[in-house]
Number of protein chains: 2
Amino acid sequence: MVAPWEVKAASKRAKLAASISKEYMIPEHDLPPADRLDVSQAPKELLSKEVIEITELTATEIVDAIAKGKYSAVEVTTAFIKRAVLAHQLLNVFTEFFPEIALKRATELDEYYKSTGKTIGPIHGLPISLKDQFRVKGVETCMGYVSWITNEPEKENSTIVDLLLNAGAVFFVKTNIPTSLMAAESRNCVFGQTVNAYNRTLAPGGSSGGEGAIVSMRGATIGIGTDIGGSIRIPSSFSGVYGLRPSHERFPYLKVANSLEFNEAIVSVDGPLAVSLPDLTLFSKALLAQEPWKHDPRVLALPFKDYEIPPRPLVFAIESNDGLVTPHPPVLRAIKIVTEALKDAGHEVFEFKPYKPDEGWNVVLRAFTVDGGENIQGDLDKSGEPGIPDIQMFIKGFKALTMSELFMFNKDKLEYKTAFLEYMNGVRSPSGKKIDAWIRPTTVSASVPAGQLKIRYLGYTALLNLLDYTSVVIPVTKADPAIDVATPAPGHGLFKEIEQKLWEDYVPEGFTNGPVGIQVIGGRLEEERMLAVAGVVDAALKA
Amino acid sequence: MVAPWEVKAASKRAKLAASISKEYMIPEHDLPPADRLDVSQAPKELLSKEVIEITELTATEIVDAIAKGKYSAVEVTTAFIKRAVLAHQLLNVFTEFFPEIALKRATELDEYYKSTGKTIGPIHGLPISLKDQFRVKGVETCMGYVSWITNEPEKENSTIVDLLLNAGAVFFVKTNIPTSLMAAESRNCVFGQTVNAYNRTLAPGGSSGGEGAIVSMRGATIGIGTDIGGSIRIPSSFSGVYGLRPSHERFPYLKVANSLEFNEAIVSVDGPLAVSLPDLTLFSKALLAQEPWKHDPRVLALPFKDYEIPPRPLVFAIESNDGLVTPHPPVLRAIKIVTEALKDAGHEVFEFKPYKPDEGWNVVLRAFTVDGGENIQGDLDKSGEPGIPDIQMFIKGFKALTMSELFMFNKDKLEYKTAFLEYMNGVRSPSGKKIDAWIRPTTVSASVPAGQLKIRYLGYTALLNLLDYTSVVIPVTKADPAIDVATPAPGHGLFKEIEQKLWEDYVPEGFTNGPVGIQVIGGRLEEERMLAVAGVVDAALKA
C-alpha cells in the first residue's frame with residue numbers, strides 16, 4: 001500500500017511538472033541519453049542561438065546590456081527560463097517554477113525602462129534563482145518536507161527577495177535541497193535527487209544543491225543559497241561555480257524558512273552562488289545598497305565599500321590538510337594548483353595549520369544538535385515521511401540540552417573562538433608578514449557519487465561557520481582518474497576512522513569530472529576584501 | 001547561632017577594612033554626622049587643597065595635565081585614592097581596594113614618562129574605578145556572593161582591563177553591586193548596602209551602583225559598569241553622573257564575571273560612567289584604539305569615528321511616559337526641563353510613543369529568566385546565604401525553558417525587534433523630519449529610598465537592551481519636595497497595579513535631592529553619534 005505521505009509527495013511533483021509548459025521544454029527524444037554523464041555543454045547543443053548568446057553572459061554583462069537597451073528584461077528572462085527548464089530536464093533541479101510571475105515582472109521593468117529611459121536599480125532585469133527556503137509571494141514553500149505541502153501560496157516575500165526586487169531582480173524558479181537542509185546533498189521525499197551537470201552520477205552538493213546545479217548549467221547567472229555548515233560553499237565547489245558565505249549580520253535572513261531558524265547556537269546565513277566572481281560583488285553591492293539593516297534588526301549598518309588590493313605581493317596561508325581528515329587526491333591536487341599559480345604570480349605562499357580544528361568540529365556538532373533533533377523530527381513526524389538517511393546523525397543519538405547546558409556550550413564556543421582569534425593574531429609568513437588570506441579545501445572530496453552517503457566530514461566548511469569568517473569559493477579543477485590515482489588512506493588524520501572510510505570510497509572512475517573549488521578566507525565581516533583577494537587568486541589560476 | 005555563611009562574609013569585610021590604611025582615611029570624628037544626608041560636598045570640606053584641585057578635574061583635563069607634566073601619575077592616583085576612601089567611608093562603596101598595585105603602576109608610568117618624555121597611551125595615569133565583575137590580576141572577585149569568596153587572587157585580567165592598561169589606565173578599586181547583578185540596587189550579604197551621595201537614605205542605583213556612587217563623589221572620574229537591563233544607566237541617573245550603554249559587540253566583555261555570562265537570550269554589555277560627557281568619549285576612543293576585536297571575537301572591527309553634528313536644528317522625539325507606568329513627578333519635570341531647553345536652543349521637539357513597550361517588557365522578562373533562575377540560585381545555595389529580596393522575581397516562579405521553547409522565545413524576540421525597527425523607520429516629526437534622537441526617562445523615579453524594594457519597573461531602560469540601542473544618560477535635575485508634590489496615581493499606565501504602588505511610594509520628602517537623569521537614544525552601534533547628540537542636549541541644559 002502506498003503511504004499517505006507518498007500520495008501527497010507525488011501530487012506535489014505532478015503540480016510542479018504541470019507548471020512547466022511544453023513551449024519551454026526540449027522534446028524528450030532530443031535530450032542527451034541517460035548514459036551521457038557530462039551534460040554541462042548540452043544547452044549549447046540544444047538551445048537557440050539567441051538564448052545561448054544571452055545565457056552565456058555573466059550577470060554583470062547582462063545588467064549592462066539591459067541598461068544599454070541591447071536586450072529587454074523579457075528577452076533575458078525568457079532565455080533563462082528556457083535554459084533553466086533544460087537544466088531541470090537534465091538534472092532535476094526545480095521545486096517551484098513560476099514563469100508567469102517572472103514575465104509579468106520583466107514586462108513591468110521593460111515598461112519602466114521604456115517610459116523613463118532608466119533602470120529601476122543595479123540589477124534591473126536580472127533573473128535570479130532561489131533555494132526553496134526563500135519565500136516568494138504567490139509561490140509555495142515546502143522545502144522538501146511532505147508535512148509542509150499545504151498548497152498555500154506565500155502572502156509575503158522573504159526580506160532579501162523584497163530588497164532584490166527593489167534593486168531590479170526577476171525571480172522565476174526555486175530549487176531543490178535535502179530534507180531539513182542538514183546535509184551536503186540535495187534529495188528529499190518530495191522532489192527526489194538533484195544531480196551534477198558534469199557527471200550525472202554525482203551530487204551537486206548541498207544543501208543549496210539546486211542552486212549549484214542551476215548556476216553550473218547557466219540556468220541562472222546568480223542563485224541564492226544559505227549556509228550553516230557549508231551549504232553555499234559545498235555546492236559551489238561540487239558544481240564548479242563561485243560562492244560567497246558572508247558573515248552573519250551582513251545580509252538579511254528575515255522570513256527565510258528553516259526548521260532551525262531560531263537556533264542561535266550556530267546561525268545560518270544567506271549568500272550568492274554565481275558564474276563569475278564579479279557577479280558575487282554585483283549581488284552584494286546591489287543588496288547592501290538597499291540598506292537591509294532598516295528591515296532586519298540583525299543586519300549591521302555596513303554599506304558595501306569597494307576594497308583596493310594593495311600594490312604588493314599578497315601573502316597566502318595555504319592549508320592542504322586540517323590534520324583530522326586528509327582530503328582526496330583531486331582536492332590535494334587543487335590545492336597544489338592554487339599554490340603554484342600564486343607562486344608564479346609572485347605572491348608569498350606558505351603551508352598553514354589552523355588552531356585545534358578537532359575542538360572546533362566538536363563545538364559545531366553540538367551546535368547543530370542543541371535541540372536533540374526535535375524540530376526536524378517534528379517536521380518529519382507530521383507526515384510520517386522517513387526523511388533521508390543523510391540526516392540521521394542530526395536527529396538520533398542526541399538529547400536536547402537544558403538551558404544550563406546551553407550556557408556551558410556557549411562558554412565552550414566562546415573560548416574556542418577566542419583561542420582561535422589569538423592564534424590567528426600571531427600568524428606570520430616565513431618572511432614575517434601578516435596574511436592576506438587563508439586558503440583551504442572546501443570539502444574532502446571532489447563532487448561525490450549522488451545519494452551514497454559519501455559526504456563524511458564537513459569540518460573544512462563548518463569551522464568557518466563557527467568562527468563566522470568570510471569565505472569565497474572559486475572553482476579550480478575537476479577530478480581526473482588518470483591523474484588522481486587511488487592510494488591507501490594516508491593515515492595522517494586524527495579522525496582515523498572517517499579518513500579510512502573516505503579513502504576506501506575513493507574509486508577514481510566514480511569521481512570523474514567532479515569539480516573541486518577551494519575557499520579563500522578572511523576574518524569576520526570582510527566580504528569586500530575577500531571578494532577582491534579571491535579575484536587575485538582567480539586571476540592567478542586563469543593566467 | 002551565626003550561620004557559617006555569615007562568618008565567611010564578615011571575614012571578607014574585615015579583610016577589606018584591613019586593606020584601607022589609616023593614612024588614607026579621614027578620622028571618624030571629622031566625618032559628617034550620620035544624620036547629614038547630603039555628603040556630596042564633604043570631600044571639598046575634608047580633603048587637602050591639592051587633592052581637591054586634582055579630583056575636581058574631568059578625566060579629559062587630568063590626562064591632559066599629566067601629558068603636559070603638570071601632575072605625575074602618582075600624584076593623581078594618590079589624590080583619587082584619598083577621595084575614593086572618603087567616598088567609601090561615607091557611602092560604603094568598595095569591594096576591593098588595592099592602592100599598592102595602583103601606586104606601583106603609577107610609578108612605572110611616571111618612570112616611562114620621565115625617561116621617554118611620552119605618555120604610553122591616551123589615558124596615561126588616569127585612575128579608573130571598576131565594578132566588582134571585572135577581574136584584576138592579584139585581586140579577588142567575589143561579586144557579593146558568599147560562595148565566591150575564595151581568597152584566591154585573579155591570575156588574569158578581564159580583557160577590557162588589559163586593554164585599558166595598555167592605554168595608560170591605573171586601577172585601584174572595585175565597587176559594590178547587588179547579589180547576582182539582577183537588581184537596580186547595590187546591596188548584598190557580603191558588603192551590605194551602598195548609599196547615595198546626595199541623600200544617604202537613598203540608593204545609588206544598580207547594579208553598577210558602587211560605580212555611580214564613587215563617580216558622583218569624584219572618587220574616580222570614570223568608572224566601568226555593565227548593563228543588561230539598565231545597570232549602567234540607572235546608577236548614572238540615581239547618582240547624577242553621565243553614562244553610556246553601548247551596543248553589544250562594541251566593547252569587549254571577555255573574562256568579565258557574571259552568573260549569567262553565557263545567557264545569550266539577552267546580553268550584558270560594559271561601558272563607562274563619568275563626571276562629564278567628554279570623558280565618556282575619551283574612554284570609548286581610548287578603548288577602541290586598542291582594537292578589542294583582536295581579542296574578543298564578539299567585538300566588531302569598528303574603530304571610533306568622530307561624528308560631526310550637522311549644522312541645523314536637531315529633531316528630538318521626546319517620550320515622557322511609556323504608557324505602561326507613568327513616572328514620578330521629578331522625572332516628568334526632568335523631561336519638561338529637557339523639552340524646554342531644547343526648544344529654547346532652537347531644536348525641533350515632539351511628543352513620542354514607542355512601539356508596544358508592553359510586548360517588549362514581556363520579552364525582556366522572559367530573557368532574564370530562561371534558565372528559571374537556576375544559575376543564580378546555584379551560586380546562593382553553595383553557601384546557604386539568602387541573597388537579597390530584590391532578586392526573588394528572577395529566581396522564583398520561573399521554569400527553565402526547553403530548547404524548543406527557547407527557539408520560540410528567539411522567534412518572538414526577533415519579531416518584536418523587527419516590528420520596532422519598521423515602526424522607527426516611519427517616525428517623522430510634525431514638520432516631516434527624521435529624528436536625531438529619542439529621549440526618554442531612565443527610570444520611573446528619582447533615586448529611591450535605599451533597600452526598600454521601591455524599584456518596581458525597569459522598562460524604560462530594559463527595552464533598549466532588548467533593541468540593543470545606544471543610550472547616553474545625562475543628569476538633569478534633583479527631586480525637590482517643594483516642587484515635585486505628590487498626587488494620586490494618574491492611572492494612565494497599562495500596568496495599573498505597578499503604577500498604583502509606585503505612586504503610593506511617592507512621599508516627596510523621602511526622595512529629597514534624588515538625582516534624575518534622562519536617556520538620549522539612537523540606533524544600534526551609534527556610540528559616536530549619540531555621544532555627540534547628547535552633547536547638544538547637555539549644552540542646552542547648561543545654557
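Lettering of chains follows the sequences in order, A, B, ..., and the numbering in each one begins at 1.
Using a 4.5 Å cut-off between heavy atoms, B/Asn425 contacts chain A through its side chain alone, with no backbone atom that close. Only the side chain of A/Leu254 has a heavy atom closer than 4.5 Å to any heavy atom of chain B. Only the side chain of B/Glu374 comes within less than 4.5 Å of a heavy atom in chain A; its backbone stays farther off. Contact of A/Thr402 with chain B is made through the backbone alone, with heavy-atom distances under 4.5 Å. Proximity to chain A is limited to the side chain of B/Leu525, based on heavy atoms less than 4.5 angstrom apart. Only the side chain of A/Glu249 comes within less than 4.5 Å of a heavy atom of chain B; its backbone N, CA, C and O stay farther away.
Donor-acceptor pairing under 3.5 Å is recorded for the side chains of A/Ser259 and A/Asp379. Looking only at atom types and distance, the side chain of B/Tyr253 has a donor-acceptor partner in the side chain of B/Asn258 under 3.5 Å away.
B/Lys434 NZ: 12 or fewer foreign heavy atoms inside a 6.0 Å radius.
The most heavy-atom pairs under 4.5 Å with chain A, out of B/Thr159, B/Asp296, B/Leu260, B/Leu414, come from B/Leu414. Between chain A and the residues B/Arg524, B/Glu422, B/Glu405, B/Met408, the largest count of heavy-atom pairs under 4.5 Å involves B/Arg524. Among the candidates B/Lys417, B/Met424, B/Glu264, the residue making the largest number of heavy-atom pairs closer than 4.5 Å to chain A is B/Glu264.
B/Arg245 and B/Asp227 are not joined by a salt bridge, as no carboxylate oxygen comes within less than 4.0 angstrom of a charged side-chain nitrogen. No salt bridge links B/Glu156 with B/Arg135; every basic N to acidic carboxylate O contact stays at or beyond 4.0 Å.
Looking at heavy atoms from C-beta onward, A/Thr369 lies out of side-chain contact with A/Lys399 at the 4.5 angstrom threshold.
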